[in-house]
Every structure is written in structure tokens, then in C-alpha cells.
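One is the number of the first residue; the rest follow in order along the sequence.
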Amino acid sequence: LSLSLSLHLFLFLMMLVLVLLLFCQAVCAAWPSFPWFNVSKSFEERAALLVEAMTVEERMGQLDTDFAKAAPAIERLMVQSYDWRNNVLHGLVDNGVCTMLPQATGMAATFSRTMLQSAGLIMAVEQRAKFNSKATNLTAAIPMNYGLNVWGPNINLVVKPRWGRAQETFGECPYLSGQLGAAVVQGLQGNHPRYYALMATAKHFDGYNVDREPPRLSYDPNVTKTDLLQTYFRAFEQAISEAAVQSIMCSYNGLNGYPMCMSPMLQSVLRERFNFTGFICSDSGAISFMVSYFKRFNTTEDAAAAALAAGVDLNSGSAYLSLPKAYAAKKITDSQINQAAQRLMVARMRLGMFDPPEMNPFHNISQDEIHSAKHRAMALEIARQGIVLLKNHHNTLPLKGPEHIAVVGPNANDTLALVGNYYGCQYLHGPLLPECNFVVPLTGIANISLARGGRVSYARGCDIESTDTSGFAEALHIASEADVVVAVMGLQNCVSGSSALNCEGEGHDRDSVMLPGVQGELLLELAKLNKTVILLLINGGPVTLPSDVLNSVAAIVEGWYGGEVGEQAAAEVLFGDVVPSGRLPFSVVQTDADIPSYLGTGLADGPGRTYRYMTRPVQFSFGFGLSYTTFMYSELSIAPVTLSPTTKSATVCVSVQNTGSVPGDEVVQFYANWQVQDRFSGNASVPLTSLVAFNRTGVLQPGATAKVCQPLLTKNLMLVNPDGAYGLQVGSYVLQAGGRSPKAMVPAPPGLAPLLSTTFDVK
């Protein structure tokens, strides 16, 4: 019996070994033996081997991706077809159900790196899940909008308040935009030591701030070295140095005589000054526009050759389909082609496309993660932290007790008013999908009011831009019977074919920064009823209120294009379930007369662009936002107090106490400026002040104090001196701290404490 058992055990073990050997052979046979699939080699070595194995025609074919044509498969080398084109902004775009976050300006208003990194992570997880659903095997074609190289974030600056794409950005401050842009990049790309979850694309390099055509696609301003170094370049430098962004998109416009997708700055600034090592892609059609709009070239092959020579590795559009003609005519070299192809193959390898799936943890992300309850809850929290209280006369807010609320206005019950530009929850410009469950302001207000025993009435009242006042009567009627009026007004995102003058969107700049149409007129009529009128603004870019309208409303809440649940957050603020803590990421000027020339780019152009250079008071300042509680600042310090021109960083600290009666979260802001008498001598253009550090206290209970310390990186103080040298300038500096920027507002909000100030020196 013992011998029989031993024999059976032996046979069983032999069978097991045989099965394992067969399994191993099957796996080894299934995994390609090409050297570019060898995981023991570096990505750079593998990419070089792969490109070497391609024909020159195959290499050129990998450099182009278009709406209708992906980079083609190379079956003999087991390279899958791959469409690189995927947009992200405040959620995924054009590929179905996803979590729709507040528009970028609404996220920027959080002044929170943590919230922006969480936003990036949500997009990374959901895009990976969609990619995984398509990448079912090694050679599966990856269609448009399902790839892993995503085009975002937009880190251009709002130097022109009427710019249609202001809504896509993180505001007007180069430091804030760079910090929040870097946080989104970190969330998108992840922190795995070998693989990226996605590869982010910081766009649009650089100086993009005009969307009216003409001159959008042929705009070529001259920008000074001072403005480029001190302002325009800075967000891109931070995305590279602090987040290792893997891709940068060159923009439609030109700068200083060169369309950006053939600009020497791609090499001299991105690669040499900022040490960028990723790949550069063109904006869609930008290379072709060098022929059709810029009139720089007569043929597309010449434009493609110029772009490739300048360092554009990937073309979005069809221009690089002309590369074979350029190659045949000896207008491009093998070295240029190989360099671009290798950068693109390294990118795909770093995303795990040439490694066994079991090596890549992102391969396990399933579609169950898309639009999950966890992601929707995070979208709500981001929205809560971004709601900005701009006015609260006699503590009108939060609303008290069960009341009859009249909700009026064109944005109160319009789902499309919530999504902004580049939105998801649809397929390539199709209708919004019902699964996304958007909460419009009317629903958010009604849900809370009814739960507290109140009543809600609704009338649209007017459109956003038309001069039709026929809806006034109904709005005034319901308002006359109510205790409180909530007017939900603002702007609208441009839809295809729109003739509106003051919608905002890609390809369309507003004619005016003022609240459009007869919305202001309706607000004035509502105020005549002697009712409490609260204005909830829904918009992306800055909106200025006429002074009589500003004075007629009791409270103003900036609700942004809130995405799925942003207006639920706004309703929570109205009722006091959430204490507002958001801050404006841009200035709101008093009138259009306070905006410099439309086509100018100089920051110091009179009367100044952005809070750093504006010489006139504003209606609402950059960094401004009220709370339902109050905060007191004390003990501002900087260490060391004396720096040298080579000092890399200092530490700034301030103590913040909640002196009010409810818990609250304060956004602490540090500003600095170089004390010189002549700010515009020679090459110099010295900002009046600049944000140099910021953070949130976290929720402070009444009476509690937090000491907030932040690093002050001296690169954020660097300026161009009168002789043209860029660096940390010798002299005296003023450091200020508070809950807003130092910019004066008219009328000044009551009760604002002055910012704390101290000085430090660079010797």
C-alpha cells in the first residue's frame, strides 16, 4: 500500500510538472520574442531597437494622428494601431459616461493642490478603465478618445478677461496656475516607479490668449523677454520641474515671428532651459494652419518639415502625412525622424503597452471605477471648496429657516449651463447621457429647502443674451409672493453655430466682460420689490456687474460651471451646510475700459493685465472670497530674513485664528514685491505684487489657531533687471499675508482687515 501511494504521488507530481512546463511554453510562445518586448532592457534601449526595425515609411507613419486616422499598426513588428487624440479638462471628453467635475476655473478657486491632484486621479482611473476595455490583447487597435496620452491640463493664463477659453484655465496668476497644473499632472500620471497611469499634455505652449477668428489661427504678437520669463513661461516650467509632465502641446498662435509649432523656443526654452525630456505634439491642425492661415509656407510638406525640424514629435492632424514627400525631397533627415519616433515609442512603453499586463498595476482598473460613488463624492467636495462668496450684506447668507424661495434666471434649470467647454458624459458632441445625473441649481435649492419645510417657485425670467423682457412678468410675480429671491444668472458656453456675442468657448471671445443681455435689468426690477435678492453666478471667465446691479443685490455667490454636482454644492453654501472658502483665481475689473487692447500681450500695457500689473481698483480682486466666519492673522515671518542671489528657498509663516462663531477653512496667501522706485526702467517690468506661496488651514473650530508655514522658492521672485539679466534681484522686498491679494476693490467690502506685512532683503 505504501509503495502504491508513493507511485501515485510520483505520477501526480510528474503530471503537475508537465502541466506547468506546457503552461510556461504557452505563455512564452504568446509573448513576443522581439527585443523591444524584453522587459530587462531600458525603455530607451527598447524604443531604439523598435525604431531601428521599422522602415523609414513606418517611422514617419507613427508621427501622425488624426480624427479619422490613427498611427497605423505595424503587424510584422506587433505594434498596435494607436490614436493619440484624447482630451481631458474637468473630466473625460467624448467617450461616454464619466465623472464631470467643476470647470477648471471652478477647481482653481479651491486654491488646493490636494483637490486638483484628486481631480487628475479621477480622470486617470476612468480613462485607464476605458483604455483597458479596448486593449483586450496585444495587437488590439486603440481608437480615438480611448488612449492613454491625454491633452490637458490647459495652463495658459487669463491675461485677457474676455478670452473664450479662460474657463479652461487655472486663472491669471503664473504661480497658482503652475502649482495647480502640476498637481493635475501628478494625479493624471500617478507615482508608480515604472509606469505612468496616463501621460498628461500641458497646453498650449505658449502665449495663447485669443480665440476670435480672425486672427486666432494667425495671431503672432511680439512678446518681450521680460514678459515671457516672468509670466508666460512660468506655469510650463513648474509642470516640468515639479510634476515631470511627459508631453507639451505647441499652440496655434505665433510668438515673435514664428508659429509656435515651428518656434525655436521648443528647443531653446523647453528642452534647454527647462530640461524637458518628453515629447511635443501639435494642437489639432496647427501645422497645416502655417500654410492656410499664417501663409508662412506654400505647401504642407514644407510646413511639416519645419515643424519636425523644430522638435514637434507628434502631429495632430494630417500635416505629417506629407512627411514622405518632404523626405523624398531631402527636406527632413533620418535623424529627425528617428528622434521623434523614439520619443513616441518610449512614451508608449512607459505606459506599459509593450510589457506583460500582469506587470502593470493600472491594467487591473475596471469599468466599475467609472463614475463611481467615490468619484462623484470627490467631485462634490472639489465643488464645495471652490464656491466663492463675493458679497454678503448684513449676513444675508446663510438662509435662515423654512422660507418661500423664488428661483429665477436663465441658468437655474439648464443642464447645459453646468458643463462648460470640453465636457464629457456624451459621445463626440452628442447629447448628455442621463446616467450622469446632473444637479441643476433649481434642484439643488429645492432639495434642501423642501427638506426644511420651505417652498420653491421657479420662473426663467429672461435669456442670457437676448433683449427679450417678456419673461419678466412671471419672474416678478413669483418673486413678489416669496420671502427670498435667488437669481441664477451669468454666462453660457458657446455651442456649435452660436451667434451669441457674449458666450464663451473655443473659437469665440466675448465682446464685453459685463453681465450680458437684460439679466442686470431683471435684477434691478426684482430689487424694487423690496425682497432679499441673492445672485448665484454660473460662468467660467470673469463677469463684471454694473455698479447699480452690484449694489441692488444682498449677496453674490460664484458657482462656476459646476459639472454634475457643483450646483448642489452651491445650494449647500446658500443654506449654510457648507461654509464657503473658495477664492477667485482671476481679477474682476470694473468695466471694459479697464482692459488693455484686445490684441496686445504686454503685462504692463495700460492700465495693466492681471492683478500683478493692474493700476486701477477692481470690482473683485484675485484671491478674494468671504466666509461665514472671520479670521485674524498674526506673527508673519520669513526665515532667513536676508537672502543671497543664489538662495534657493526660504520659509514663510503666519498664524491664523478663527475669530468667528462657526468652523471654517481659510486660504492663506503670501505675496511679495521688489521695492524699486522705477518699475519700468530699461528691460525691467516689475510686478506690483505676486503670489509666492499659499495653502489652506484645514477646518478651524471657533477660537482655534493654526500656524501655516510654506516654502518660498526664490525662483518665483526672479525678475528681469534693467540690463536684461534674469534672476533674484538685490534689494528690499515686502512680504504680505492674508486671505486675499493686496489689490484695492471698489466698493471695498466692509470689515476687511489689512494684510500683514514685513520685509526681507536680498544682498
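- The pair Lys203-Glu506 does not count as a salt bridge, with every side-chain nitrogen at least 4.0 angstrom from each carboxylate oxygen.
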Indicate every side-chain donor-acceptor pair of residues 545-556 with a distance under 3.5 Å to a residue at least two apart or in another chain.
from: Asn551; atom 1: ND2; to: Ser547; atom 2: O; distance (Å): 3.0
from: Ser552; atom 1: OG; to: Val549; atom 2: O; distance (Å): 2.8

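- Using a 4.5 Å heavy-atom cutoff, the side chains of Phe670 and Leu755 are not in contact.
- Considering only residues two or more places apart in sequence or on other chains, Ser661 meets the side-chain contact (heavy atoms from CB on, under 4.5 Å) condition with none of them.
- Test Phe622, Tyr671, Phe111 against Phe694 for ring-ring contact (aromatic ring centres under 6.0 Å, His included) and you get one pass: Phe111.
- In this view, Arg212 and Asp509, Asp511, Tyr598 satisfy the side-chain contact (heavy atoms from CB on, under 4.5 Å) rule, not counting sequence neighbours.
- Using cut-offs of 30° and 60° on the angle between ring planes, the pair Phe624 and Phe620 is parallel.
- Under a 4.0 Å N-O distance rule, the pair Glu666/Arg583 qualifies as a salt bridge.
- For Ser449, the side-chain contact (heavy atoms from CB on, under 4.5 Å) test picks out Ile405, Val456, Phe575, with sequence neighbours left out.
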Which donor-acceptor pairs under 3.5 Å do the side chains of residues 116-125 make with protein atoms, sequence neighbours left out?
from: Ser118; atom 1: OG; to: Thr114; atom 2: O; distance (Å): 3.0

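- Donor-acceptor pairing under 3.5 Å is recorded for the side chains of Arg234 and Asn716.
- Applying the side-chain hydrogen bond (donor to acceptor under 3.5 Å, both in side chains) rule to pairs touching residues 734-754 yields Gln736-Ser757, sequence neighbours excluded.
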